[in-house]
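Below is one structure, written out as C-alpha cells; the observations come after it.
Computed from a predicted model, the values in this text were never measured in an experiment. Reminder, nothing fancy here: chain letters follow the sequence lines and each chain counts from 1.
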2 protein chains.
Amino acid sequence: MVFSRMRLNSCFTVARPTGPACTSDGPTGFSYHEALHLPVAATGPALTTSPSKISSMPQSPTGRPTLEDVARLADVSLGSASRALSDSSLVKPKTLKRVMQAVEQLGYVRNGAARALASRRTFSVGAVYPTLHNPAFADSIHALQQTLWGFGYQLVVASHEYVEEREYEVVRSIVERGVDGLILVGVEHDHQVFDLVRQRKLPLVLTWTLEQPPYGHTVGFSNRQAAYDLTRAVLAKGHKDIAVICGSREHNERARQRVSGTSEAMAERGLTLREEWIIEQPLSVEGGKLAMQRILAMGQRPTAVMCNTDTLAIGALHECRVHGIAVPDQMSITGYDDIVLASLTVPPLATVHIPTAQIGTFSARRLVGLIENRDLGEPPALNHEVVIRESLGPAPSTLQPEMKRGKLSGSARTVADS
Amino acid sequence: MVFSRMRLNSCFTVARPTGPACTSDGPTGFSYHEALHLPVAATGPALTTSPSKISSMPQSPTGRPTLEDVARLADVSLGSASRALSDSSLVKPKTLKRVMQAVEQLGYVRNGAARALASRRTFSVGAVYPTLHNPAFADSIHALQQTLWGFGYQLVVASHEYVEEREYEVVRSIVERGVDGLILVGVEHDHQVFDLVRQRKLPLVLTWTLEQPPYGHTVGFSNRQAAYDLTRAVLAKGHKDIAVICGSREHNERARQRVSGTSEAMAERGLTLREEWIIEQPLSVEGGKLAMQRILAMGQRPTAVMCNTDTLAIGALHECRVHGIAVPDQMSITGYDDIVLASLTVPPLATVHIPTAQIGTFSARRLVGLIENRDLGEPPALNHEVVIRESLGPAPSTLQPEMKRGKLSGSARTVADS
DNA sequence: GTGAAAGCGCTAACAA
DNA sequence: TTGTTAGCGCTTTCAC
C-alpha cells in the first residue's frame with residue numbers, strides 16, 4: 001500500500017479544495033507532497049490501526065461527521081476549524097495540528113455543497129464539447145482536465161453531439177449545478193447561451209477559434225488560415241480539382257472557415273471550389289467513407305479530397321482502398337487535426353497539426369486566471385502547422401511516370417505522436 | 001435561432017435538475033420536448049423582447065434572483081415555488097404557471113449548491129479513469145455521459161494517468177466536491193479508496209472487470225477470458241513463440257488477467273509464455289513502437305506479438321513497417337479493444353472486441369439504479385468477441401508458399417465501426 | 001395544496 | 001489569532 005495510514009498531514013491548501021497539486025502559481029500553503037494523503041476512518045474499529053478515539057462524537061443527522069464535529073473534538077471553534085482547513089496560515093500551528101488530528105480521527109471529508117453555498121465558489125469548471133468522440137477533442141479535454149486539476153479545479157464535461165439545440169440545455173444544466181467558469185468550443189452559440197453566461201458574469205473561454213465572441217475570451221487558432229495553408233500545399237502539387245468533405249456547416253463556424261480557407265486559396269489561383277464538391281457528413285470514420293463513396297461515384301472526380309478532420313480522412317482513405325483507388329497516385333487525401341494516428345495510416349496522412357493539447361492547457365490557464373482574477377500570462381499564439389505526408393501526391397495529370405510511388409516534395413514527417 | 005424566447009414551459013422535471021432528456025425510466029413530469037427551453041432574462045431591457053416586467057424586484061446579495069424572488073413575484077410561498085420546480089405534480093396547475101412565469105421573467109436559474117445542501121443530492125456522478133487518452137476509455141466515457149445525461153445526472157471526470165497514488169487524491173477530491181455515485185475502472189484500488197466510499201455509503205460501480213470487489217458492483221467482462229480466447233485463435237494459426245506487450249501489471253489486474261489468459265491458453269498446449277517476452281510499456285502508440293523495437297532486437301524472435309491494447313498494437317505494427325518486417329508473413333500482431341481504427345490499419349488488426357460503449361451505458365444505468373434505489377434491470381452479460389483480421393496469419397514455420405499473402409482461415413471482418 | 005419555519009454544513013464578517 | 005454569529009438558497013417537514 002502506498003499510503004501510511006499514520007501520516008498526519010493536510011488535505012487542504014489555501015482556500016482550495018483537496019487534491020490539486022498546486023502548481024507554482026498557487027498561493028502558499030502545503031506543498032503537493034505534504035498534502036493530500038489523508039486516510040479515512042475505517043468502517044469498524046477492527047479495520048483500522050488508527051489511534052482510536054473515534055469515540056461517541058455526536059454527529060450530524062446525515063451520519064457523516066461535519067466541521068462542527070471536528071471543531072468539537074479538536075476543542076476549537078467552528079471558525080478556527082474552517083480556517084485551518086481553508087488557509088492554514090490563518091491559525092496557529094498548534095490549532096492546525098489539533099484540527100488535523102480530529103479530521104483524521106473522524107475521517108472527515110468536506111461538504112462541497114455547503115462550501116459552495118457559503119463561499120459562492122465551487123472550484124469546478126464546466127466544459128461543453130461538440131462530442132467526446134473525437135480524438136482531437138479528447139486530447140484537448142485530457143490536457144484541460146490535467147491542467148485544471150493542477151489548479152485545484154474539477155472538470156464537469158458534457159457534449160451536445162452537434163445538436164445545436166442541445167447546447168443550451170447542456171450549458172444551463174451545468175451552470176445550474178454550479179461551476180466557476182465555462183469552456184465552450186467555437187464562437188457560434190445560441191444567444192441564450194451567451195445571455196445566460198453573461199447574466200451570471202460567468203468567466204467564459206471559447207476554444208478552437210480566434211473569432212471575437214460577443215462575450216468571453218478565446219484560445220485557439222485560425223481555422224481559415226490553417227485550411228488556407230494546407231490548400232496551398234495541395235495546389236502546389238498541381239491539383240485543380242479539389243473536393244472537400246466537411247461536417248455540417250450550419251451553426252459551425254469552424255467548418256465554414258475551413259471550407260472558406262480552401263476556397264480562398266483556390267480563388268487566388270483562379271480556381272473555384274465547386275459547391276457540389278463540398279460534401280457534408282457526420283465527422284466520423286463512417287462519414288468519411290460515405291462521402292468518398294459519393295465522390296467515387298461521380299462522373300468527373302476530383303484529384304484531391306480535403307477532409308475537415310483526420311477521422312473523416314481515415315474513412316475516406318479506407319474507402320479508396322476498398323475500391324482499389326491508389327492514394328496518392330490516383331487521388332490525394334488530406335486531413336485536419338493531426339491526430340496520433342494520422343502518421344500511421346497507409347499511406348500516412350497529410351494534414352494540419354492543431355495544438356489540441358495546448359488549447360486544453362491554455363484554456364484552463366486562461367479560465368482560472370479569469371476566475372481568480374489573476375494574471376497567469378497571456379496565452380501564446382497557438383500555431384497550426386501543415387504536415388505533408390504521403391497521402392498528398394502530385395495531381396495525376398502532372399504525374400511523371402518515374403515518380404509514381406512515394407515521391408514527395410516535402411519529406412514525410414512525424415509530429416507529436418511520441 | 002432555435003428557441004422561441006416566448007415559449008413558456010418548464011426546465012424542470014420531477015425532483016431532477018434541468019436538462020436531462022428524461023428517458024422512459026424517469027418519473028412522470030414534463031416530457032423532454034416540453035421541457036428545458038427556458039430563456040434567460042437578458043442583461044439589459046434593450047436586449048430582450050421578453051414581456052418586461054423585470055421590474056425592481058429586490059434580489060439576493062449575489063445579484064442573481066433566488067427562489068425567494070421567484071416566489072415573491074409569483075405571489076406564492078417559497079415552499080410552493082420549490083415544489084413547482086421539483087415536482088410539478090405537487091402543485092396546482094395555476095400555481096405552477098405563475099411560478100414558471102416568474103422564473104422566466106427573472107431568468108431564474110437554480111442554485112445547485114443550495115439544492116445539494118438541503119436535499120443531499122447533487123445529481124452528479126464522478127468517474128475516475130486511468131486516462132482519457134485512450135480511445136476505448138473515451139468511447140466508454142462518451143456513452144456514460146450520454147446515458148447519465150438521459151437520467152438527469154452530470155458527469156464529473158478525472159484521470160489518474162496510471163499513477164496509482166493519485167487515484168485516492170482524485171477520488172477524494174471528487175467525493176468532497178459532491179457526487180451521488182462513483183464509477184471507477186477495475187477492481188484494484190487502494191484500500192483508502194474503498195474505505196472512503198464505503199464510509200460514505202456512496203454507490204460504486206467498477207467497470208472493465210467482473211471480479212468481486214470488496215465494495216460496490218461491477219459492470220464489465222472477463223479480461224482473462226478475452227485474452228484466452230484470442231490466444232486460442234493465435235495458437236490455432238500454429239504460433240508457438242508468442243510475446244506479449246502490456247502495460248504495467250502492478251496495480252492493474254486487467255493487465256495481469258490478460259497476460260494470464262494468454263499464458264493459460266498456451267499452457268494448455270504445453271507451451272510457456274516466457275517471462276522475458278512479456279514487455280511492459282506505457283499504453284500508447286509510442287509504447288508499442290518501443291516494445292516492438294526491443295522485440296526486433298532479440299536474437300530469437302517470437303512469431304506472434306499479442307498487444308494488450310490496440311493502441312500498443314498500432315505502434316507495434318508501425319514499427320514493423322519501419323523495419324521492413326512483413327505483417328503477418330514474418331510476424332503476426334494482435335490487439336485488444338477493437339477500437340474503430342483497428343479495422344483500418346494496414347493490415348487490419350486482429351483483436352478482441354470489447355463492448356466499450358455498453359460498459360459506459362450499463363454502468364450508468366447500474367449506478368443510477370443504486371443511487372435512486374430502483375431497478376433499472378440487471379446489466380446483461382457483456383461479451384467480448386474475437387475479431388480475426390489480417391494482422392494475424394499462420395506462423396512462418398507452417399507457412400505454405402502459395403498462401404503467402406492474405407490467406408486467412410477466418411475472413412477479415414469489420415465490427416462496430418459504423 | 002399551501003405556507004411557515006427549521007435546518008443542510010459551511011464561510012466570512014465582526015468582536016473580542 | 002480566535003470565537004461568535006449571521007447567513008448562503010434551497011428542501012422538507014409540519015401544521016393548516
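Annotation: side chain to side chain donor-acceptor pair (under 3.5 Å) contacts of Ser119(B) (sequence neighbours excluded): none. Partners of Pro214(B) by side chain to side chain contact (heavy atoms under 4.5 Å, CB included), not counting sequence neighbours, listed by chain and number: Phe194(B), Arg198(B). Applying the side chain to side chain contact (heavy atoms under 4.5 Å, CB included) criterion to Ala71(A), with sequence neighbours excluded, gives Val76(A), Ala81(A). Residues meeting the side chain to side chain contact (heavy atoms under 4.5 Å, CB included) test with Leu78(B), sequence neighbours left out: Leu67(B). By the side chain to side chain donor-acceptor pair (under 3.5 Å) test, Ser159(A) pairs with Glu161(A), Gln145(B), Gln146(B), sequence neighbours left out. Residues meeting the side chain to side chain contact (heavy atoms under 4.5 Å, CB included) test with His160(B), sequence neighbours left out: Val128(B), Pro130(B), Arg166(B), Glu167(B).
Computed from C1' positions of five pairs at each end, the angle between the two local axes of the helix from dG1(C)-dC16(D) to dA16(C)-dT1(D) equals 30°, rounded to 10 degrees.
In terms of position along DNA chain C, the nucleotide closest to Val91(B) lies nearer the 5' end than the nucleotide closest to the other residue of the pair Ala113(A) and Val91(B). Heavy-atom distances to DNA chain C give each of Ser77(B) and Leu117(B) a nearest nucleotide, and the one nearer the 5′ end belongs to Ser77(B).
Legend: salt bridge (Lys or Arg N to Asp or Glu O under 4.0 Å) pairs involving residues 149-160 of chain A, not counting sequence neighbours: none detected.
If you take CZ of Arg177(B) and P of dC10(C), they are 14 Å apart, rounded to a whole angstrom. If you measure from atom CZ of Arg72(A) to atom P of dT4(D), you get 13 Å, rounded to the nearest angstrom. Distance Lys94(B) NZ to dT2(C) C1': 12 Å, rounded to the nearest Å. Arg64(A) places its CZ atom 11 Å from the P atom of dC10(C), with the value rounded to the nearest Å. The CZ atom of Arg120(B) sits 12 Å away from the P atom of dC10(C) (whole-angstrom rounding).
Under a 3.5 Å cut-off, the side chain of Arg172(A) and the backbone N or O of Val109(B) do not form any donor-acceptor pair.
Phosphate proximity of dT1(D) to Thr95(A): absent, as no side-chain N or O sits under 4.0 Å from OP1 or OP2.
Cation-pi geometry between Arg121(A) and Phe123(A) is met: under 6.0 angstrom from the ring centre, within 45 degrees of the axis.
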Check your understanding: Could you write nucleotides 10-16 of chain D as a row of B, S and -, 5' to 3', where a protein heavy atom under 4.0 Å of any base atom gives B, of only sugar-phosphate atoms gives S, and otherwise -?
Key -> BBBB---

